[in-house]
Number of protein chains: 2
Amino acid sequence: MDIYNEKDKFYVAVDCIIFGFDNQKLKLLVFDRRIDPFKDSLSLIGSFVKIGESVSDAAIRILKDFTGLENVYMKELKTYGSVDRDPGYRCISVAQYALIRIDNAIKKIVEEKGARWYEIDNIPNLILDHNQMSIDALKRIEEVARYKPIGFELLPKKFTIPKLQTLYEAIYRRKFDTRNFRKKILSFDVIIKLDEKDRTTSKKGAYLYKFDYKRYRELQESGYNFEI
Amino acid sequence: MDIYNEKDKFYVAVDCIIFGFDNQKLKLLVFDRRIDPFKDSLSLIGSFVKIGESVSDAAIRILKDFTGLENVYMKELKTYGSVDRDPGYRCISVAQYALIRIDNAIKKIVEEKGARWYEIDNIPNLILDHNQMSIDALKRIEEVARYKPIGFELLPKKFTIPKLQTLYEAIYRRKFDTRNFRKKILSFDVIIKLDEKDRTTSKKGAYLYKFDYKRYRELQESGYNFEI
DNA sequence: ACAAAAGTGTTTGGAGTACACCCATGG
DNA sequence: CCATGGGTGTACTCCAAACACTTTTGT
């Protein structure tokens, strides 16, 4: 074992599966490739890891290069390592999924970069194994959302409970009962009611809340379970 | 982006975190390295992925080479990709965790290979980031065991309910109530009672059961939840 | 007969689910 | 004044958790 053989060296790529929420639907960020290989096809964003860079740093760099975003919720999904996954050269990809807030700033940035949001049940053909990555990432989000409050990563800093509910309904593709949903969310005791209302979606207006990261971490340390 | 640079090529390793259960404690399989680098240190098993081999095939090959085992429950844990994780050369490792049944055959094999089982809360110093891998894998097992019946992978084909309970107590490091545990396990309806008894641990003898993989898959397809 | 593990039921509290109406406001 | 989305309470069901004694049999 442990025989060093120069032939057995690989390109290592990072591909990012980026999800956003536009207050209605859960969406995937897809890029129109302007350069070869696969020019004019659709793909996720990705790039090779540089030899002097950690895989996670590469992921952060790639996300920033393509979207301008930093401090984004991003986690490793899994490694895609089949021999023939990329016909051009032998390359393994460490896929990462990211959750971002869609606001006007990001909207503009991504459009400039030739990107588009697609609804998750209407994803177009992507290059290589990028469709599989998207499917796997979506499944992972469903799993993770079950016991970690990742939903807040997709919402603006200030959000209303009805929006939060719409988000979870988008993730799980089913409706929740308003009263039960509120009860559950509030019972976690990790969101703080603000004195402002959001009147953009109703005349009455809905109270804005913010996520209490500090309290969340406290509860998490003590083994609390956020199962939705 | 996508600039091919021969310099940016990596060795890709697979390291396997192998857990076993000896009817009492959950244990980790650790190897005494007989070759350089790190000769005479302790480590997990691992090797480089070959250029013509998928990452998952490499994992299967490595496990077989070191333990002789095939058809083992093995899943990807995560990728370890820091720049300085291996001082010798730039190398990323795709760690995999595996669950195996400890029987006499495997006992003999692993001893011949210079391997030893260590109790999970008494793991010695391992090379590189292998201690971190073990910690991460253990945490993952706890998570997965919560909603998938992976426990059966660690037990003999025929097992008793008290043994199954001991296993879960080893994974979660806490005691369960006998009556509630039985009730829960039997309610899943995925184990089949046999006509034999195991009398090795008591005079009365405990009925042996086997896992019903077919039924398990059926239930899984229909979205059943095996939360312990 | 006794030690040691296997096996068995019931009660209780809390959480999930189902369900329908009033509120506030802008137009 | 009415249309629209926001917000609230209760009853029922079911599952998890707590809890103690009997059975079997080798020694």
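Below, chain A is the first sequence line, B the second, and so on; all start at residue 1. These figures come from a predicted structure and were not determined experimentally. The figures here come from the full heavy-atom set of this structure, side chains too, leaving out hydrogens, waters and symmetry mates.
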Give the rounded distance in Å between these two atoms: [atom1] of [X] and [atom2] of [N].
X	N	atom1	atom2	answer
B:I161	C:dT8	CD1	P	8 Å
A:K175	C:dC19	NZ	C1'	17 Å
B:Q165	C:dT8	CD	P	14 Å
A:D177	D:dT13	CG	C1'	16 Å
B:F181	C:dT8	CZ	C1'	16 Å
B:K193	C:dG7	NZ	P	7 Å
B:L208	C:dA5	CG	C1'	15 Å
B:R179	C:dT12	CZ	C1'	14 Å

Are B:K184 and D:dA16 close enough that a side-chain N or O sits under 4.0 Å from OP1 or OP2?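 The answer is yes; a side-chain N or O of B:K184 sits under 4.0 Å from OP1 or OP2.
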Nearest to side-chain heavy atoms of A:K203, which nucleotide of C:dT25, C:dG7, D:dG7: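 The answer is C:dT25, which lies nearest to the side chain.
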Closest to side chain of B:T178, choosing from D:dT24, C:dT8, D:dT25: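 Comparing D:dT24, C:dT8, D:dT25 against the side chain of B:T178, the answer is C:dT8.
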Could you check whether B:R182 gets within reach of a base, just the sugar-phosphate, or nothing at all, counting any heavy atom under 4.0 Å?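 Base contact.
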With nearest nucleotide decided by heavy atoms, which residue, B:T160 or A:G205, maps closer to the 5′ end of DNA chain C?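 Per heavy-atom nearest nucleotide, the more 5' residue is B:T160.
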Of B:K163 and A:S187, whose closest DNA chain C nucleotide lies nearer the 5' terminus?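 Its nearest nucleotide being more 5', the pick is B:K163.
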Taking 4.0 angstrom as the limit, do A:D32 and A:R116 come out as a salt bridge?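 Judged by the 4.0 Å cut-off on N to carboxylate O distance, A:D32 and A:R116 do not form a salt bridge.
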Does a salt bridge link B:R101 with B:D103, judged by any charged N lying under 4.0 Å from a carboxylate O?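 Judged by the 4.0 Å cut-off on N to carboxylate O distance, B:R101 and B:D103 do not form a salt bridge.
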Tell me whether the guanidinium CZ or amine NZ of B:K25 lies under 6.0 angstrom from the six-membered ring centre of B:F21 and within 45° of its axis.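 B:K25 over B:F21 ring: no.
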Between the base of D:dT25 and the side chain of B:K204, is one N or O donor paired with an acceptor at under 3.5 angstrom?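 Between D:dT25 and B:K204, which were checked side chain against base, a qualifying N/O pair under 3.5 Å is absent.
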Quick one: does A:K183 reach the base of C:dT17 with a side-chain donor-acceptor pair under 3.5 Å?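 Counting by modelled atom types and ignoring angles, a donor-acceptor contact under 3.5 Å is found here.
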I'd like to know if the side chain of A:H130 reaches the main chain of A:S43, judged simply by a donor and an acceptor atom lying under 3.5 Å from each other, with no hydrogens or angles considered.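 A pair under 3.5 Å: no.
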Could you tell me if A:Y97 and A:D136 have a donor-acceptor pair between their side chains, going purely by distance under 3.5 Å?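 Note: A:D136 and A:Y97 side chains miss the donor-acceptor criterion.
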